> 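I'd like to ask some things about the structure below.
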Amino acid sequence: MIPYEKARNLVRERARLLGKEKVRLIEALGCVAAEEVRSRIAVPPFRNSAVDGYAVRSEDTFSDGQPVRLKLLAEQPAGEYWRKKLGPGQAVKVMTGAPVPAGADAVVPVEEAQEEGGHVILKRQFRPGENVREAGEDVVKGAVIIEKGTGLKPPHLGLLAACGFNKVVVYRRPRVIVLITGNELCQPGEKLKPGKIYDSNSTILQALLKTSGAELLSLKWVKDDLKAMAGALKSAANRADIIITSGGVSVGDYDLVKEAAVKIGAREIFWKVAQKPAKPLAFYELKIGRKSTWIFGLPGNPGAVMISFEEYVRPFIKKCCGRKDFWPREVEAVLTAPYKKKRGRLNFVRVKLSQDGHAWQAAPLGQQESGIIFSLTETDGLALVPAEADLLPERTKVKVHLSEW
Ligand code: AMP
Ligand code: MG
């Protein structure tokens with residue numbers, strides 16, 4: 001059994017970039033830009049109106065308290081372009097986003113004007129530039145819009161789109177294959193037979209992977225059988241960067257993942273971590289030629305699956321994707337109740353968080369056993385209770401890893 005800190009370091013050290021790829025914007029969500037991007041155009045590309053109204057020359061709107069009448073020359077909806085120049089005493093009706101004609105330097109909002117017999121009547125003076133959006137006021141042509149290493153979120157993708165890009169170069173997302181073991185499993189939607197349970201890990205892992213940045217290639221069910229498992233691991237290793245197995249890594253007679261991994265030549269990096277839950281967590285490297293595939297052997301209990309995914313697999317995937325902030329986000333909180341445990345293993349305690357002024361409070365949830373799913377639905381984070389601790393009194397400060405699910 002190795003300590004948690006050592007296990008997470010062994011995982012971190014092995015995560016590496018997997019090269020670059022050019023992907024469509026929407027596929028780049030959550031990926032990291034592998035190159036700097038400069039805009040080839042200004043945004044907005046032309047001077048345009050910020051409101052629905054009338055483009056005017058601001059100097060024409062001056063009056064000594066008297067309403068001003070300007071001649072209405074044309075109407076210009078967004079997407080059209082009126083080519084003439086506005087002269088003294090003239091106005092052009094413009095909609096939001098429509099180009100402001102040459103000669104005009106302000107837009108009078110419809111709410112502040114009256115249209116009457118081919119004229120517009122204004123009641124106040126307008127400043128130069130009022131309600132006008134200048135070309136390039138958002139992005140100057142040639143400006144860096146994305147720095148190399150940026151984690152791409154919806155606003156970044158929007159910015160790229162506004163500058164006309166439909167693709168972006170990102171670090172390649174790791175490809176994942178999930179192998180689900182357990183002869184007791186029955187699929188949700190089917191009739192539950194005696195001795196069987198519904199398979200929840202398949203759904204849990206697919207859901208967790210969706211937001212992880214990895215690409216799920218396939219999910220397969222494998223019988224608790226050495227040959228079947230070895231075959232499944234081997235064929236998965238040909239295509240995947242990461243294989244995640246569920247169940248079968250403990251010490252039971254049908255826990256065959258480790259034996260199967262060794263049989264096909266994988267090297268154990270660790271098996272068993274001094275933590276609760278997910279003690280039997282296993283991590284292997286399988287080298288075929290120059291290609292490495294990483295095998296995360298997750299224990300079968302759904303609580304252990306979720307926690308080991310968050311603590312090890314998600315950070316590994318994020319780091320492979322080029323993310324610098326790959327560890328779970330951490331806050332310090334005070335326990336609202338005492339927590340008792342045996343010495344020897346770090347405990348991940350499911351907690352509900354609340355704020356008391358500036359301080360976080362962590363309330364341990366009732367059921368903490370690794371087979372329990374229900375309390376995970378209420379979990380805001382995992383409090384880390386150190387291996388050497390046995391009793392933490394109420395108000396003890398603990399680190400809490402915020403759940404990303
Ligand atoms: P194992 O590590 O294979 O011995 O599994 C540990 C526990 O997790 C057992 O109670 C299994 O029935 C349960 N389990 C294993 N796989 C799944 C799964 N896919 N969905 C729900 N429970 C599972
Ligand atoms: Mg099993």
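By convention here, the first residue in the shown sequence is residue 1. Just so we're clear, the structure is a prediction, and the values are computed from it rather than from any experiment. Both counts, for ligands and for their atoms, begin at 1 and track the order of listing.
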> For atom 7 (C) of ligand 1, find the nearest protein heavy atom and state the residue, atom name and distance (0.1 Å precision).
Asn301 OD1, 3.4 Å
> Can you report which non-hydrogen protein atom sits closest to atom 15 (C) of ligand 1, along with the distance?
Gly300 O, 3.5 Å
> Just to confirm my output: which protein heavy-atom neighbour is closest to atom 17 (C) of ligand 1, and how far is it?
Asn201 ND2, 3.2 Å
> With side chains defined as the heavy atoms from C-beta onward, is the minimum distance between Pro44 and Asp138 less than 4.5 Å?
yes
> Nearest protein heavy atom to atom 3 (O) of ligand 1, by residue and atom, and its distance?
Gly248 N, 2.9 Å
> With sequence neighbours left out, which residue pairs that include part of residues 2-14 fulfil the side-chain hydrogen bond (donor to acceptor under 3.5 Å, both in side chains) condition?
Tyr4-Arg8, Tyr4-Glu311, Asn9-Arg12
> Just to confirm my output: which protein heavy-atom neighbour is closest to atom 19 (N) of ligand 1, and how far is it?
Asp199 OD1, 2.8 Å
> Nearest protein heavy-atom contact for atom 22 (N) of ligand 1: which residue, which atom, what distance?
Ile197 CD1, 3.4 Å
> So do Glu115 and Val120 actually touch side chain to side chain, heavy atoms under 4.5 Å?
yes
> Could you find the nearest protein heavy atom to atom 9 (C) of ligand 1 and give me its residue, atom name and distance?
Glu184 OE2, 4.1 Å
> Does ligand 1 have any atom sitting under 4.0 Å from a heavy atom of Gly371?
no
> Nearest to atom 20 (N) of ligand 1, what protein heavy atom do you find, and at what distance?
Ser200 N, 3.0 Å
> Do any heavy atoms of Gly182 fall under 4.0 Å from ligand 1?
no
> Would you call Arg69-Glu116 a salt bridge at under 4.0 Å N-O?
yes
> Going by atom types alone, do Arg239 and Thr293 pair a side-chain donor with an acceptor below 3.5 Å?
no
> Salt-bridge test for Arg175 and Asp241: reply yes if a basic N is under 4.0 Å from a carboxylate O, no otherwise.
no
> Listed by chain and number, what are the ring pair (Phe, Tyr, Trp, His ring centres under 6.0 Å) partners of Tyr254, not counting sequence neighbours?
none
> Only heavy atoms of Asp255, strictly under 4.0 Å: list the atoms of ligand 1 that pass.
3 (O), 4 (O)
> Taking atom types as modelled, find out whether Glu285 and Ser292 have a side-chain donor-acceptor pair closer than 3.5 angstrom.
yes
